[in-house]
Amino acid sequence: MSLPLVRQATTGNRNVLLRQYTKANSLSLRQRLATTTLPFDRRCASTQLTRSISSTPSALSAASALAETPHHPSKVSYDGKHIILPNPSRPAFKQAAKVLPSGISEQFAILNACIQTGAMDRAERIMNELYRNRTEEMKIFVDAQIFNTFLNGFVQGNKPQANDCLAWFDRMVSYGITPDANTYAILVKGFLKMGSYHTARMLLQDMRKNTNNQMMDVVKSDFLAPNEVKGFRQLITESQNSNQVEVQELLRELELAADNVLGSESSSTVADKNTRTSPAVIAPTTIYENIPEARPMDAIGVKFLQEQLSALQNSEEALKMDPFDLQMALEKQGYEVALQRLVHMREASKERGDTLNALHLSPLKKNMWDWHEKVIPLLKEEIEKCVNIKGKDVERRSYGPFLTLLPVEKLSIITILELLRLHNSSGIADGMKTARAVIDVGKAVEMEYNATYMKRNNKGLRGGYNIQNMSANGKEFNMAVQKALNKQQEDEAATEASISMDNKNDGVQSSDIWNPVWPSSIRAKVGSVLTSLLIESAKIPVPSYNPDTGEKITEHIPAFFHTYQYVRGKRVGIIKFSDQLTQLVSKEPLRDTLHPRLMPMIVHPRPWLHYNDGGYLTAKSICMRIKDSPEQQIYLHKASENAKIDHVLKGLDVLGSTKWRVNKNVFDVVLEAWNSGEAVADIPPAITEAIRLPEKPSDYDTDPKAKFHWVNKVKEIQNMEKNYHSLRCDVNYKVETARAFLNLPMYFPHNMDFRGRAYPIPPTLNHLGNDLCRGLLCFDEAKPLGESGWRWLKIHMANLYGYDKHSFTERERFTVENMDNILDSVDNPMTGQKWWLQAEAPWQCLSACYEVAAAVRSGNPLEFESRLPVHQDGTCNGLQHYAALGGDMAGARAVNLAPGDRPADVYTGVADLVNKLVEQEAEEGNEDAILLKGKISRKVVKQTVMTNVYGVTFIGARAQIENRLKERGDIPQERVYSLASYLAKKVFSSLGEMFNGAQNIQDWLTDSARRIARSVPKDTLQETGILPFDSPEQEQRFLARVENEKMKSRKNGKKVTKTFSARNPSANQMTSVIWTTPLGLPIVQPYRRTGKKQVTTLLQTVFIEDPDLSRPVNAMKQSTAFPPNFIHSLDATHMLMSAVACYEKGLTFASVHDSYWTHACCVDDMNEVIRDQFIELHSQPIMENLHAEFMERYKDYRLPNSEEVDQTDKAVTKTKKRASSSKSAKSAATAASPVSAENEALFGLADMQLDEENGDEDDDDLDLDLVNNDVKADEDDKTSSSKKYRYNWVELAFAPLPKKGEFDINQVKDSDYFFH
Amino acid sequence: MSSVRSSLVPKIPTFETWSKQFRGKTPRNLPRCTIADVETAEIGFKRLRQHTKWTNVQLAELTAVEIYPGLGVWTSALFNGGFNSIYSLEPNVPYYKQIKSLADKSEGVIRPLKKDGYDWETYVELKDKAYLGSLMTRAWNKVNQNIFFTGTLPKSSKGEQLLAQFATCIVNKMALHSMGRIPMALWIPDQLYEKFTASRGSKARCKMSVVTEACAEIDLIYSTQSNAMYPKELYHLVYILPRPIVKIKADWDVFEYVLKHLFVMQRFSLNKVVRTLGPGADIILDRLSFDTNIQICDMTAEQIDQVAIKFDQWPLRPQVLIEDSNPRSLE
DNA sequence: CTTGTATGTAGTGATATAAGTAATAGAAAATCA
DNA sequence: GGATTTTCTACCGACAATATCACTACATACTCG
């Protein structure tokens, strides 16, 4: 019963984290605090593990104030508390989700850009146009937040237009938007700035009289900078002479509020504070105009940056710096740093003035600087054109406002670095897809804008760092924070100034301020401008000659160029590197082109406060990787809002709190290997000379076939070369990232995929990466091994070598016996026996070698301080969950849920079983079997067994096995195909035999998902006239709405109503499969038909998903992907639960989905946690809960059904080919589908007859019919001459759950090899 | 020497029976169209003969190779026309049987071969002495007097691909045209005909029509009327005479690369599109002899050839012109 | 001054593009008549 | 509504076709009564 405890503990702990990061007046935060600042005794979590605790009031309310059914203390799920929203096809969904139509979201983004850049005339025009053309939508989507931001635009700059502001305020009211405290704050601010104290006072009086807004909220408004609040004081001074009682009252309130915000002593600091912030009041454009060409930063900024610069180059230096400042700087000024590095290099060599050093200057950097200088004037020119648009230049109008959001220097460096980063992406040799490039550049601009101007986090962080006790690994963090605070106090002025330098908003940034996400189309447009300008200006001088005259010339070759390729007959726009640029890039380490964003963090990531608030200090990130699916986003949002995902977020926080460092020993070897240019482990060799092309065959010139084959060979070679190259690039990036962090700690902020599986956000170097990455990383914290740790280290060593199918004792012995090899690997990694290179995971093995060797040589291994993460891996984790769900005895044994002396290996098990079958058939004379006899190894079946969990089909499995058989080479090539077919069948049937329970559950999941994806809400059917309305009132309401819509869309009244019938429902299938994990995370399968549109950009049109199009689901994908997704959502749940539990026990924890890592000495503890959590998870009726959730979620949904009508006109209900379809090719090869089998048994006797007249509705038994498939009737029908089908809609229901087996989940507790 | 042959009349099934028995059920040879009207074939041949001015003597020297004879209506017309011999290449079994039965009545003139005109090997095999080997000619200044290539192209992507390959093969003297300057007459579906023969500026202008323009003279001989084809389709009989001197002087691979890239944006001016050939490729604009402010679709084959030549000569041109368009997934 | 008409254009949907789809089969969804 | 043709064929991390033409709805200009 540890789970409720965990829950409580987590909540309590979140509380601590929260307070640190919390800004008191955030609305959403207030809600969160309400659930978290409950009485809570920390000691409970750490010491008394009492059973009753889950029913204590504090635990209950801490878990969730909303949980109303706490009667089953062991349950994790909040029964009946799933987030349920209307079907996306329903108008109600649009209301709830507020999914902006693409046209509107574009306009909004532009509007915001205009506001932020002070182009209020343009902003007004957009506002007017929107209200004129999209009145209805504006009513739905515009709220006070948007309007406030708009109003604020008028009074923001140094020329406040308070009167315009007031006029729009009136319109705001007339549009039915209720002004809030922020609104008044903005208005008052405007008039104060203009010195109209009277009006300001009138406004406040009006507010007091006519609204409920509080003076305190006004003064605390995010739209007010501290110095502006001081303006309010001015108001008090100015109004002293008034005698009116009301005014006096007002002033008192105001004074109180101002004191509260500023502190009562603040009046003394007014003067100097004002001077400090005053530069920011200057209009943005003027700021940047004054910047000297080569130095985009002002004096303080440069100093600051150069500090970081040297820090980055010399990580020893970095250690001396305050990590918080460094992290802040990395995030906020990553691009400046990158730019400064270019400047710095250049200036340094210039100063020295010698050509010798100029030669040493990297040519790539020299070129980058050159491009940078050349693109800036072009950018300025373009911006100029955008400002003075003549006529209707639609394109410029849509991207123009965005170009002034950032200084041109930044735009330039962003573009350069983005394009360099995308080198070799999307499988393009020496280039990238244009679409990807322009969108990513646009996105980078957006992110940089957010990072630079979103001050809220900064404010919150600084202010929120109070010194509190944190748990084990939080301590260091706090020390850092403390240091940061101290430093801040000493050094405040400088730091503040350097940050506020690029802050155009008077320091006003917060969550109350509207900041719409840029739609992809906008990103693409913005990105395309920058990209095309860079293409135009980035050139590399190359000596050449004129072939006609022989004259020697220098050509200026564009570094990038835009071109097209055909991929299977379709045009794809690409941006390619010129050969010259490729040369430059491949010749030098990517150190200085390293992309500054999304690096590992050097301080503790910000805890996730909200689904979209956490991770990096400044970057706006989201805790889930959403696929173009508004539905996913809205469910996540709602869940977050209702505090449903706190546990999940806490889990992510734990993962992010693990502190890493680079393993220097391994790094040195990697570097040596890298520089040798040879192939070592997974590092590919450097290609020194171009691979020779094959000889052209003699008939090359006469036979197209010969030519074709030759070309293909060449393509293959090129492809290989390309792969090598991009692999080397990849290693290069990893090595450089590691180098940058050599002496720094690293944290990986985590987020999840849509199923809840966690991933580190930094992409290049993280512990989820390949062997090299993992080898390069180890925990920052060291812990003494102790007896058990030493044992586990040895076992781990064996595991990494590949000796992992034996008992622990044997593995331990393996390491001991190989001690000479281990020591040799450490002493002569590149010159010795290179034992480690033969390991399955060489780099990790090497890393372990160092650890083992150091432990041994320390004299006393037990006291050795170890940093190496030791892994415990689930054995076929997917099958483990299946077996647990099904209570499947045999399955449980096969995947080590049940205890055993040595690890059971599924793959070997299946291989053995298949071998047995084959031998049997070989004796019967089956030719295939004879050929295959004795050749079925573990390796042959492994992939298929593994992918079986993912729902691989027969075809896929056959292809896999075919490849394996081909590799063997001892089978005649021409037979491989048919043998693979044969074998695939055998593997499936063996799997079916071994994992019958899993199979049944998988089939049930597939079947249920299929039904859901094909279903339609009843309302829709009623409105399309297929089903009658429940009541006349309902009909009335509907008709009224239709009338209303007609009025609205009278303009484009070409509403094409698609044919809608039970027979062909696919166009209207809008229901995706949604479920809630036991930790409360709602999961929405995003698979829908793509609705892409062409978007015009400067370079080319780009094909982009149109988000507002609500598209029908891809029912097939929904159903086939559901089982793996569901299982993954469970293993993610298990992992997060374990992570939190480990954290509570003070263990360092990391995971790669189903591989859990901790310090060697903690493995025993972690193992207990893993098992406890697994038992906890699976003690719940997960399947029953899922079934119940589906019933609730899809209540009143209808399923299209076709039934056969026989001649006697009596409906014999059965699904035509439907019920049997759930057993696809795969399960057809195995036992009969459990669904139909079950139902045959259960309902075979039920009366299948149905009165056809009211068969459409109200018949509760219909769901049974769906499932049942009467074989005999089928046969009869074959003989009958006339087949008639009737299509109708039945209530959505699900097959009965497969029966659960006898396996007792608690056995896991005693299974040593469950994770091993 | 017998110009008086007993005329051969093919059996033509009704459309319904054709649908059942001949129309390929497999998607492999999906939209195979076949001439189903004797008169169409006869008139077609008559017009063709007028156009080529073949004498009886010449015809008696000519061996025809016919691909996709289908029901054999065109085969019969050729037979009746007096060819020396006719290799009729039909891979599809029901059709092949039909041709076989015609052949049996042709005194050995019609020689059915179960080969596919689409397969490259077919042309290697035809080169064998037993078939056309002895009739090969080296010289391109003279038309090969002994081989004539004809047939009905399928209305499918394969048909289109095949036609395009004929054109490239003419340019490079490959496959069939490694056996000499062989004239061809093909029945081509309407859409394909439009593309094949599109002249500069036309909306249907495409890569194929440029190559065609460069390597052959095309003449429309005859078009099918209403129900002449199974299934009902508009087809054109086209006479294709390879030019003695092909207008493409550039290396073929370079030419193809240039052509492919230029035609991505055929309504843009060369000035702009030339940049997509390679980084800095606009330097070759000055080296061209014509006004480069010209839409791609308005360019002649010679002009494109010139671009290709200058591109080839450009010292900094990209060295790799083979683009890997198939990103094959790794395991 | 109004109204009608011609003209221009932004937006939308359809279509072609390349080309040996190296092999295999079978069910489900989409399209067609 | 029945038959035929096309489209898949393993989950997630990590996405991404584009130029051109025909057509329509709408706005603007211009002209005439």
Side-chain angles (χ1 to χ4, degrees), chain A residues 392 394 425-426 433-436 438-439 520 524 564-573 625 627-628 704-705 708-709 712 752-755 757-760 763 768 878 943-944 946-960 962 974 976-978 980-981 1051-1052 1054 1061 1063-1064 1066-1067 1090 1092-1094 1100-1105 1114-1117 1120-1128 1132 1153 1217-1218 1220-1221 1224-1226 1228 1283-1287, chain B residues 25 27 30 118-120 157-158 160-162 164-165 191 195 203-204 206-207 260 263-268 297 325-326:
Chain A
K392 37 178 146 188
V394 179
S425 67
S426 335
K433 294 196 173 168
T434 312
R436 176 91 193 273
V438 294
I439 292 170
S520 309
Y564 296 85
Q565 267 185 16
Y566 284 99
V567 176
R568 284 178 42 192
K570 287 176 176 171
R571 284 186 196 104
V572 181
R625 304 173 186 208
K627 314 214 164 210
D628 280 326
K705 188 182 183 181
F708 173 76
H709 282 133
N712 261 3
M752 310 170 272
D753 66 20
F754 71 89
R755 294 123 3 125
R757 278 190 157 195
Y759 300 82
L768 258 76
Q943 194 187 12
T944 306
M946 215 155 55
T947 53
N948 179 60
V949 192
Y950 306 139
V952 75
T953 59
F954 177 72
I955 300 288
R958 186 181 59 194
Q960 295 166 359
E962 194 182 349
E974 67 277 7
V976 163
Y977 181 77
S978 68
S981 285
K1051 279 188 212 161
N1052 44 359
K1054 44 155 191 179
S1061 73
R1063 192 174 160 269
N1064 184 18
S1066 65
T1090 54
K1092 302 230 181 104
K1093 289 242 166 80
Q1094 282 180 263
Q1100 58 173 64
T1101 71
V1102 161
F1103 211 41
I1104 295 179
E1105 195 76 27
N1114 179 342
M1116 182 135 108
K1117 196 84 198 290
T1120 56
F1122 179 49
N1125 284 341
F1126 180 70
I1127 293 301
H1128 283 159
H1153 304 317
K1217 291 194 267 179
R1218 294 273 200 257
S1220 58
S1221 66
S1224 52
K1226 175 175 49 129
K1283 271 194 207 169
K1284 288 254 159 93
Y1285 291 100
R1286 202 185 54 183
Y1287 299 90
Chain B
K25 280 279 188 290
L30 191 70
Y118 178 77
D119 288 339
W120 288 323
S157 62
K158 301 260 164 172
E160 180 169 345
Q161 197 183 354
L162 185 55
Q165 279 178 19
Q191 253 190 325
K195 287 203 313 207
K203 183 173 126 26
C206 58
K207 293 199 306 171
K260 191 200 297 188
F263 262 87
V264 170
M265 289 181 285
Q266 56 163 318
R267 298 244 95 102
F268 280 69
C297 61
S325 52
N326 273 30

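Since the model is a prediction, treat every value here as computed from it, not as a measurement. Residue numbering restarts at 1 for every chain, and letters A, B, ... go by the order of the sequence lines.
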Scan [X] against the nucleic acid and name what it touches under 4.0 Å (heavy atoms): base, sugar-phosphate only, or nothing.
| X | answer |
| --- | --- |
| Arg958(A) | base |
| Asn712(A) | nothing |
| Lys627(A) | sugar-phosphate |
| Gln960(A) | base |
| Val949(A) | nothing |
| Ser157(B) | base |
| Phe263(B) | nothing |

Measuring from the side chain of [X] (C-beta onward, heavy atoms only), which nucleotide among [options] has the closest atom?
| X | options | result |
| --- | --- | --- |
| Glu160(B) | dC12(D), dA19(C), dA16(C) | dA19(C) |
| Val264(B) | dA16(D), dC12(D), dA19(D) | dA19(D) |
| Phe708(A) | dG20(C), dC12(D), dA16(C) | dG20(C) |
| Tyr566(A) | dA19(C), dA18(C), dA19(D) | dA18(C) |
| Phe754(A) | dG13(D), dG20(C), dT9(D) | dG13(D) |
| Arg571(A) | dA17(D), dA16(D), dC11(D) | dA17(D) |

Please name the pair of heavy atoms, one in Lys1092(A) and one in Glu1105(A), separated by the smallest distance, quoted to 0.1 Å.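 The pair with the smallest heavy-atom distance is CE-OE1, 3.4 Å.
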
Mind listing the closest non-hydrogen atom pair of Ile1104(A) and Ala524(A) along with its distance?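 That closest heavy-atom pairing would be CD1-CB, 3.8 Å.
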
[X] side chain near [Y] side chain, heavy-atom distance below 4.5 Å:
| X | Y | result |
| --- | --- | --- |
| Tyr566(A) | Val264(B) | yes |
| Asp119(B) | Lys705(A) | no |
| Val952(A) | Gln960(A) | yes |

Rounded to whole Å, how long is the line connecting atom [atom1] of [X] with atom [atom2] of [N]?
| X | N | atom1 | atom2 | value |
| --- | --- | --- | --- | --- |
| Asn1125(A) | dG13(D) | CG | C1' | 12 Å |
| Phe1126(A) | dC12(D) | CZ | P | 17 Å |
| Tyr950(A) | dG13(D) | OH | P | 13 Å |
| Phe268(B) | dT18(D) | CZ | C1' | 11 Å |
| Gln161(B) | dG20(C) | CD | C1' | 5 Å |
| Gln565(A) | dA19(D) | CD | P | 15 Å |
| Lys570(A) | dA16(C) | NZ | P | 14 Å |
| Arg625(A) | dC11(D) | CZ | C1' | 15 Å |

Determine the Euclidean distance between corresponding [atom1] atoms of [M] and [N]; express it in Å to zero decimal places.
| N | M | atom1 | result |
| --- | --- | --- | --- |
| dA16(D) | dC21(D) | C1' | 24 Å |
| dC11(D) | dA25(C) | C1' | 24 Å |
| dA17(D) | dC8(D) | P | 14 Å |
| dA14(C) | dC32(C) | P | 12 Å |
| dT3(C) | dC32(D) | C1' | 9 Å |
| dT28(D) | dT2(C) | C1' | 16 Å |
| dT6(D) | dT21(C) | C1' | 14 Å |
| dA19(D) | dC15(D) | C1' | 22 Å |

Per nearest nucleotide of DNA chain D, the residue lying toward the 5' end, Gln1094(A) or His1128(A), is His1128(A)

Return whichever of Phe1103(A) or Lys203(B) has its heavy-atom-nearest nucleotide of DNA chain D closer to the 5' end. Phe1103(A)

Distance below 4.0 Å between [X] side-chain N/O and [N] OP1 or OP2:
| X | N | value |
| --- | --- | --- |
| Lys195(B) | dA16(C) | no |
| Arg267(B) | dC21(D) | yes |
| Lys207(B) | dA18(C) | yes |
| Lys1093(A) | dA17(D) | no |

Counting Watson-Crick and G-U wobble pairs only, both distances under 3.5 Å, name the nucleotide matched with [N], or none.
| N | value |
| --- | --- |
| dA16(D) | none |
| dT31(D) | none |
| dA30(C) | dT4(D) |
| dA10(D) | none |
| dT24(C) | none |

Measure the CZ-CZ distance between Arg625(A) and Arg755(A) for me, rounded to the nearest 0.5 Å. 11.5 Å

Quick one: pull up OG1 in Thr434(A) and CZ in Phe1103(A) and give me the separation to the nearest 0.5 Å. 15.0 Å

If you find the nucleotide of DNA chain C closest to Tyr118(B) and the one closest to Met1116(A), which residue's nucleotide is nearer the 5' end?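 First, find each residue's nearest nucleotide; the 5'-ward one identifies Tyr118(B).
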
Would you say the rings of His1128(A) and Tyr950(A) are close, in the sense that their centroids are separated by under 6.0 Å?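 Yes.
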
Measure from the ring centre of Tyr759(A) to the centre of the six-membered ring in the base of dG13(D), then say whether that distance is under 5.5 Å and the planes meet at under 30°.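 Given the distance and angle limits, no, they do not stack.
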
side-chain contact (heavy atoms from CB on, under 4.5 Å), that's the test. Do Thr953(A) and Thr1120(A) meet it? Break it down for me. CA-CA 10 Å; Thr953(A) 59; Thr1120(A) 56; over 6 Å; no

